[in-house]
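Inspection log for the structure reproduced underneath, given as structure tokens.
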2 protein chains.
Amino acid sequence: MHTMTHESKEPPKPRRHAVTLHDIAKAAGVSVATASFVANGKRDVRLTDETRERVQRVIDELGYRPNAMAKNLVSGGSKFIGLVADAIATTPFAGQIIHGAQDEAWKHGYVLLVANTEGNEPAEREAITMMLEHQVRGILYSTWFHRAADVPEALRETDFVMVNCFSPSLDSRAVVPDEVQGGRTATDMLLAEGHRRVAFINTTAIAPARVGRLEGYQAALAAAGIDFDPALVLDAQPDQEGGFDAVESILRLGVNAVFCHNDRVAMGLYDGLRARGLAIPDDIAIVGFDNQEVISAHLRPPLSTVQLPHYELGAAGVRMLLGIDEAAPDELRRIACPPVARQSTSAPRPVQP
Amino acid sequence: MHTMTHESKEPPKPRRHAVTLHDIAKAAGVSVATASFVANGKRDVRLTDETRERVQRVIDELGYRPNAMAKNLVSGGSKFIGLVADAIATTPFAGQIIHGAQDEAWKHGYVLLVANTEGNEPAEREAITMMLEHQVRGILYSTWFHRAADVPEALRETDFVMVNCFSPSLDSRAVVPDEVQGGRTATDMLLAEGHRRVAFINTTAIAPARVGRLEGYQAALAAAGIDFDPALVLDAQPDQEGGFDAVESILRLGVNAVFCHNDRVAMGLYDGLRARGLAIPDDIAIVGFDNQEVISAHLRPPLSTVQLPHYELGAAGVRMLLGIDEAAPDELRRIACPPVARQSTSAPRPVQP
DNA sequence: GTGAAAGCGCTAACAA
DNA sequence: TTGTTAGCGCTTTCAC
């Protein structure tokens with residue numbers, strides 16, 4: 001007996017998507033297996049063109065949509081990649097990580113499951129749990145600024161990659177920006193203009209960025225045969241106020257080239273310098289870091305800087321997770337921070353008459 | 001045999017999720033049904049405390065994780081809410097929409113499925129298709145700036161809400177910022193300081209923001225009994241350059257209060273004004289729009305502005321989708337843009353001796 | 001109190 | 001060439 005409904009047992013809710021493979025099969029007068037084959041375009045199964053066509057027509061007419069849940073149940077795995085972020089909002093940057101991850105995931109047939117945790121432990125556990133229950137292919141654990149981050153225990157139940165952060169014990173795969181190369185690149189932009197005395201306004205915040213960029217700065221000097229002068233390195237709050245307040249010290253140093261910890265500091269520095277009637281880059285050349293475009297691309301003059309590769313971080317994270325980029329189980333991959341040359345490092349060359 | 005490590009390098013490989021309800025049942029010596037009951041804490045089923053406890057112990061010991069796919073298959077629906085965005089990256093704002101949507105969804109037990117389409121049609125269709133196949137509860141269709149947007153056909157196969165955009169035919173539910181109120185609020189901030197001649201640097205871009213903010217500006221003037229003078233409304237490119245270039249015109253107008261279309265324009269204006277030795281707010285008071293914090297909170301002086309409620313947009317979209325906030329099938333809900341008072345509208349009061 | 005069993009929509013052997 | 005059938009992991013009704 002297989003009568004489904006002639007009783008008063010109407011489906012409670014007119015289910016939006018009632019069309020199943022079963023319906024297709026019945027409507028086309030074939031078995032579900034056959035329907036499944038043509039729905040999935042299985043070419044290795046020999047079916048009459050006639051049948052194939054007929055079934056396909058029914059599929060189109062009824063507007064059949066395969067049920068991903070069912071497929072996943074059968075296949076035992078899903079096409080989900082989880083992305084847990086500590087702060088989607090705090091910074092424009094986080095958005096770029098999501099963007100890169102999403103693009104790359106999509107490219108390989110995966111979908112992003114996003115969770116924001118505001119750095120809150122319970123939210124984090126819950127997010128990971130939910131992802132695990134959804135049989136995610138793996139999880140990207142990301143932070144909005146580059147730092148060490150403890151790996152939540154639950155993460156280890158699946159594949160995961162740290163993005164923009166790394167396990168303090170260095171026992172997990174991670175993708176982070178190459179701060180050292182970035183610091184060096186920034187400094188080189190100034191050195192390339194002939195400057196020999198380059199000040200560095202570093203951040204007061206203890207973080208890989210602080211250490212790495214300083215190391216890069218030193219490396220650049222060394223490569224140029226310039227002695228490192230600790231007096232040229234200042235610490236400042238990493239924002240506009242910090243940059244503005246550093247003006248005095250910079251002027252006292254008598255340098256005419258400054259590498260700022262980030263674009264916001266550079267913005268503050270612009271302000272302070274201008275208030276004293278100094279011109280950029282003629283009196284003082286400046287490079288920033290981050291390439292936070294709302295700022296860097298629109299300062300006057302536009303700011304030369306070095307790009308924090310957030311998009312790439314997300315994309316590379318996915319590639320590492322899916323095994324497209326090979327990586328040791330404890331790999332710490334550094335992504336380059338490319339230079340973005342604008343007008344704060346060298347004045348536009350005057351047109352020759 | 002249970003030797004975990006006596007080999008040299010055996011990184012604990014993530015246990016493929018073998019633990020099913022079936023395993024629990026077997027290990028606890030009960031049926032899957034019973035296991036299911038205790039796993040879900042069904043209190044309306046009569047089970048011995050002893051049994052309940054025993055099964056629970058097994059569940060904990062084996063680290064059982066329910067399979068969301070299977071649950072969803074049975075229940076016929078998922079706990080997913082799709083969010084398709086035309087540009088996660090282009091602006092920091094989009095991130096806030098995601099953030100708001102994610103928080104609100106989470107609050108109701110839903111998870112966000114995110115797709116970025118870069119405004120590209122095929123990508124959009126594909127994204128929606130994927131969401132539909134995953135049996136999403138509904139879809140949030142969002143844009144990074146407030147505008148009219150055609151509703152992709154496929155969207156209509158499920159519940160959906162437009163976020164930060166609306167169907168040109170006004171036949172769908174939508175949540176957008178209240179540009180008119182925003183424009184009025186911004187203008188009022190200036191009027192409240194006693195200014196009677198307020199210039200408005202509007203954008204050249206044809207969009208709801210242009211029309212709405214102007215309307216709000218006019219409404220504010222009217223409410224204050226001030227005649228609208230079209231000469232006080234300028235058009236400018238909506239970024240720093242536009243603001244900077246508008247300085248001449250502003251000065252020619254002889255006003256001492258300016259409402260800028262957005263914070264970036266205000267930033268450019270600051271620059272131009274300062275170059276001419278003018279002080280803000282003493283010589284000229286300024287309000288922006290958007291509250292793009294990297295800029296507004298760190299200009300000198302910090303910029304008074306009006307907030308584009310992106311977070312609320314995302315959250316309200318979810319609430320409308322889930323029916324938590326009632327809404328007509330063609331409701332166009334406007335979310336208020338609250339004022340953010342900082343120091344560009346009035347100088348800090350000097351301390352009285 | 002607890003278990004057996006019927007599916008949810010789909011895939012993939014294996015038959016026919 | 002196509003249909004039958006056994007699950008995938010879980011919920012839930014209905015017997016025992």
Side-chain angles (χ1 to χ4, degrees), chain A residues 1-5 7 9 11-13 15-56 58-59 62-79 132-135, chain B residues 16-56 58-59 62 64-79 132-135:
Chain A
M1 188 87 162
H2 194 268
T3 51
M4 294 218 70
T5 45
E7 281 286 294
K9 194 83 178 242
K13 297 173 219 165
R15 290 234 7 232
R16 214 173 266 290
H17 216 253
V19 189
T20 78
L21 257 196
H22 203 132
D23 300 327
I24 300 296
K26 201 156 48 180
V30 298
S31 72
V32 286
T34 305
S36 170
F37 289 146
V38 7
N40 294 347
K42 280 260 188 289
R43 294 230 100 309
D44 53 319
V45 170
R46 301 165 307 176
L47 291 180
T48 331
D49 280 354
E50 199 278 314
T51 307
R52 212 180 275 281
E53 219 169 276
R54 177 161 42 96
V55 177
Q56 187 58 55
V58 175
I59 287 180
L62 269 53
Y64 168 71
R65 299 253 187 223
N67 181 325
M69 302 297 183
K71 290 178 113 134
N72 289 341
L73 221 210
V74 171
S75 72
S78 79
K79 283 306 203 172
L132 255 18
E133 295 185 355
H134 280 283
Q135 318 295 117
Chain B
R16 257 307 151 228
H17 224 250
V19 190
T20 78
L21 257 197
H22 201 242
D23 300 327
I24 301 295
K26 200 156 49 181
V30 297
S31 73
V32 284
T34 305
S36 170
F37 290 147
V38 5
N40 294 348
K42 279 262 188 286
R43 293 230 109 299
D44 52 321
V45 169
R46 303 163 307 176
L47 290 181
T48 332
D49 280 355
E50 199 278 315
T51 307
R52 213 180 274 282
E53 216 170 280
R54 177 161 42 97
V55 177
Q56 187 57 56
V58 176
I59 286 179
L62 269 53
Y64 167 70
R65 299 252 188 225
N67 181 326
M69 302 296 183
K71 290 178 111 133
N72 289 340
L73 219 211
V74 172
S75 73
S78 80
K79 283 306 203 172
L132 255 18
E133 294 184 354
H134 280 283
Q135 319 294 118

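Side chains are part of it too, since the values below use all heavy atoms of this structure and drop only hydrogens, waters and symmetry mates. Throughout, a chain's letter reflects where its sequence line sits, starting with A, and its residues are numbered from 1.
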Legend entry - Protein-nucleotide distance (B:L73, atom CG; C:dC8, atom P), rounded to Å: 10 Å

Inset, instruction - Report yes if a side-chain nitrogen or oxygen of B:N40 is closer than 4.0 Å to either non-bridging phosphate oxygen (OP1 or OP2) of D:dT11; otherwise report no. - result: yes

Inset, instruction - Can you measure from CG (A:L73) to CG (B:N72) and round to the nearest 0.5 angstrom? - result: 9.5 Å

Inset, instruction - May I ask you to verify if any side-chain N or O of A:S36 is less than 4.0 angstrom from the OP1 or OP2 atom of C:dG9? - result: no

Inset, instruction - State, with a plain yes or no, whether a side-chain heavy atom of B:I24 is found less than 4.5 Å away from one of B:L62. - result: yes

Legend entry - Separation of atom CG in B:N67 from atom P in C:dC8, rounded to whole Å: 18 Å

Legend entry - Closest nucleotide among C:dT11, D:dT12, D:dC8 to the A:L21 side chain: C:dT11

Inset, instruction - State which of C:dT2, D:dG9, C:dG9 makes the closest approach to the side chain of B:L47. - result: C:dT2

Legend entry - Side-chain heavy-atom pair B:T51, B:V38 within 4.5 angstrom cut-off: no

Inset, instruction - Answer yes or no: is there a side-chain heavy-atom contact under 4.5 Å between B:R52 and B:R43? - result: yes

Legend entry - B:E53 CD to B:L47 CG distance, which is reported to the nearest 0.5 Å: 12.5 Å

Inset, instruction - May I have the distance from A:I59 (atom CD1) to C:dG9 (atom P), rounded to whole angstrom? - result: 16 Å

Inset, instruction - Could you walk me through whether B:R65 and B:V19 pass the side-chain contact (heavy atoms from CB on, under 4.5 Å) test, one step at a time? - result: CA-CA 7 Å; B:R65 299 252 188 225; B:V19 190; over 6 Å; no

Legend entry - Rounded distance (Å) that lies between atom C1' of D:dC8 and atom CG of B:N72: 14 Å

What does the list of N/O pairs under 3.5 Å between the protein and nucleotides 3-7 of chain C look like, with a distance for each?
unit_1: C:dG3; atom_1: OP2; unit_2: B:S31; atom_2: N; d: 2.8
unit_1: C:dG3; atom_1: OP2; unit_2: B:S31; atom_2: OG; d: 3.4
unit_1: C:dG3; atom_1: OP2; unit_2: B:T34; atom_2: OG1; d: 2.9

Inset, instruction - To the nearest 0.5 angstrom, please state how far the NE2 atom of A:H134 sits from the CG atom of A:L132. - result: 10.5 Å

Inset, instruction - Could you state the atom-to-atom distance from NE2 of A:H134 to C1' of D:dG9 in whole Å? - result: 14 Å

Legend entry - Spacing between B:K79 atom NZ and D:dC10 atom C1', to the nearest angstrom: 16 Å

Legend entry - Short side-chain N/O contact from B:K71 to OP1 or OP2 of D:dT11, under 4.0 Å: yes

Inset, instruction - Return no unless some side-chain N or O of B:T20 is found under 4.0 Å from OP1 or OP2 of D:dC8. - result: no

Legend entry - Interatomic distance, A:K42 NZ vs D:dG3 P [rounded to whole Å]: 18 Å

Legend entry - For atom CD1 of A:I24 and atom P of D:dG3, their distance in whole Å: 14 Å

Inset, instruction - Would you mind classifying the nucleic acid contact of B:S75 as base, sugar-phosphate or nothing, using non-hydrogen atoms under 4.0 angstrom? - result: nothing

